[in-house]
Amino acid sequence: MKKLSKPEFARLREKTRLALAGRDPSDSYGFVNPPIVRGSTVIYPNTEDFLVRKARYSYGTSGSPTIDALLAAVNTMEGGAGVLACSSGLLACTLPTLAFLRSGDHFLVTDSVYHPMRNFCERMLPRYGVEVTYYDPLIGEGIAELFKPNTRAVWTESPGSQTLEVQDIPAIVTAAHARDIMVMMDNTWATPLFFDAHAFGVDVSVQAGTKYYAGHSDVLIGTVSARTPELYAQLKLTWDALGVIIAAEDAYLTLRGIRTLAVRLKEQQPAGLEMANWLAERPEVARVIHPALPTDPGHALWKRDFTGACSLFSIELEPVSMTAVAAMLDGLALFGMGASWGGYESLVLPFDCKRYRTATKPGFKGPTIRFHIGLEDLEDLKEDLDAGFARLRAAS
Ligand SMILES: *Cc1c(COP(=O)(O)O)cnc(C)c1O
């Protein structure tokens, strides 16, 4: 097999790069995949090398070939200056705040932020002297009105967790960069395959690799990508200082998931859309929240900026009791009820974002439910839900 030079590799199309990134059979006894390298201690050949730490790897906490293989694959999708991995998607969200925010800074956070990240912003950041303001995810260029002299960064997540508001990322980036303010984004919903965060000027792009990257609900992992070498260096400094590291098996499994990311999304995108359309026809459903539906308020922005949709969306039911919702959901055989998503299996959960929103009050009248569509046959999923709706009606 001929070895490609860096420019030759860079010229390849994304799907090809995803099949090749991070592996070199001549480094792994000819086997296709890089081996799982576990370890804490790294042995140096002699005193001189040890004294100057002259080694590709110096100690387990500073990385390993297995982790580097994963980072190479993520970097080829993100297209930034460098990527770091950490032990959960949540840590991938919190790590950049530790890297870039200082005591006295002001941090703007979308009201649609992933809830555990809000928890971090509420419980941890004030202890370090960082002031947090939540803003309406649909604010767009209006974000400029919330800037203070000490605003250091804007946290975005588009579409937002559970309620899936599509943010005008280019408008937010333009306003923020005009004032030297950083933009960070949780891009888990779209993955870099469907939203090119760095190309839109996002400085720090975060991915809960637990979801579609790993893809099989068996790994917790997060990645953080930096747009410029300077941002990467600052992020790396914090990563090094904190002792953030991931297990080799988790790096391996995530890389294995990434090899099939494009085909899984290619299957799950239309599956999610078909289920969303099917649900939109149901009399029990008041509204389907899916940015790829032309009726969705976020559709125009989604169409302008995104190149695809994953299979995670929400619905609002017509007003009905939670007892009736439970009757529907508890009897489902093909939709597990649980947090997380992005695996091969379908999931469902009820949510109530009114409990914690502070900058906006979503006007839902009926109960809200989030669906993740897996790789099952859609006719089976529809039959399962159809029976669920019958239970809902019987219990209302
Ligand atoms: C799940 C999720 C995370 C956190 O990932 P974990 O690996 O579960 O900690 C972060 N952001 C979003 C949008 C998520 O859905």
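Counting starts at 1 for both ligands and their atoms, in listed order. For this chain, numbers begin at 1 and follow the sequence in order. Values reported hereafter were calculated over all heavy atoms of this structure, with side chains retained and with hydrogens, waters and symmetry mates removed.
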Legend entry - Side chain, backbone, both or neither: the part of M117 lying under 4.0 Å from ligand 1 by heavy atom: neither
Legend entry - Sub-6.0 Å ring centroid separation between F195 and F306: yes
Only distances under 3.5 Å count here; give the side-chain donor-acceptor pairs of residues 42-51 to other protein atoms, sequence neighbours excluded, each with its distance to 0.1 Å.
from	atom 1	to	atom 2	distance (Å)
Y44	OH	S58	O	3.1
N46	OD1	E48	N	3.3
N46	OD1	D49	N	2.8

Inset, instruction - Decide if the gap between the ring center of W189 and the ring center of F194 is smaller than 6.0 angstrom. - result: no
Inset, instruction - Quick one: look up the protein heavy atom nearest atom 12 (C) of ligand 1 and list residue, atom name and how far away it is. - result: D186 OD2, 3.4 Å
Inset, instruction - Kindly say whether the aromatic ring centers of Y344 and H372 come within a distance under 6.0 Å. - result: no
Inset, instruction - Give the single entry among G160, G89, C86, S87 that approaches atom 6 (P) of ligand 1 most closely by any heavy atom. - result: G89
Inset, instruction - Kindly confirm or rule out an N or O of K211 lying under 3.5 angstrom from an N or O of ligand 1. - result: yes
Legend entry - Exercise: identify the closest heavy-atom pair between R287 and F364: NH1-CE2, 3.7 Å
Inset, instruction - Verify, without hydrogens or angle tests, whether D111 (side chain) and T360 (backbone) share a donor-acceptor contact under 3.5 angstrom. - result: yes
Inset, instruction - For L90, take its heavy atoms, then give the atoms of ligand 1 lying under 4.0 Å from any of them. - result: 4 (C), 5 (O), 6 (P), 9 (O)
Inset, instruction - Could you check atom 7 (O) of ligand 1 against the protein and tell me its nearest heavy-atom contact, residue, atom and distance included? - result: T210 OG1, 2.5 Å
Inset, instruction - Please verify whether a non-hydrogen atom of W189 lies at under 4.0 Å from ligand 1. - result: no
Inset, instruction - Any atoms of ligand 1 less than 4.0 Å from a non-hydrogen atom of E157? List them with their elements. - result: 13 (C)
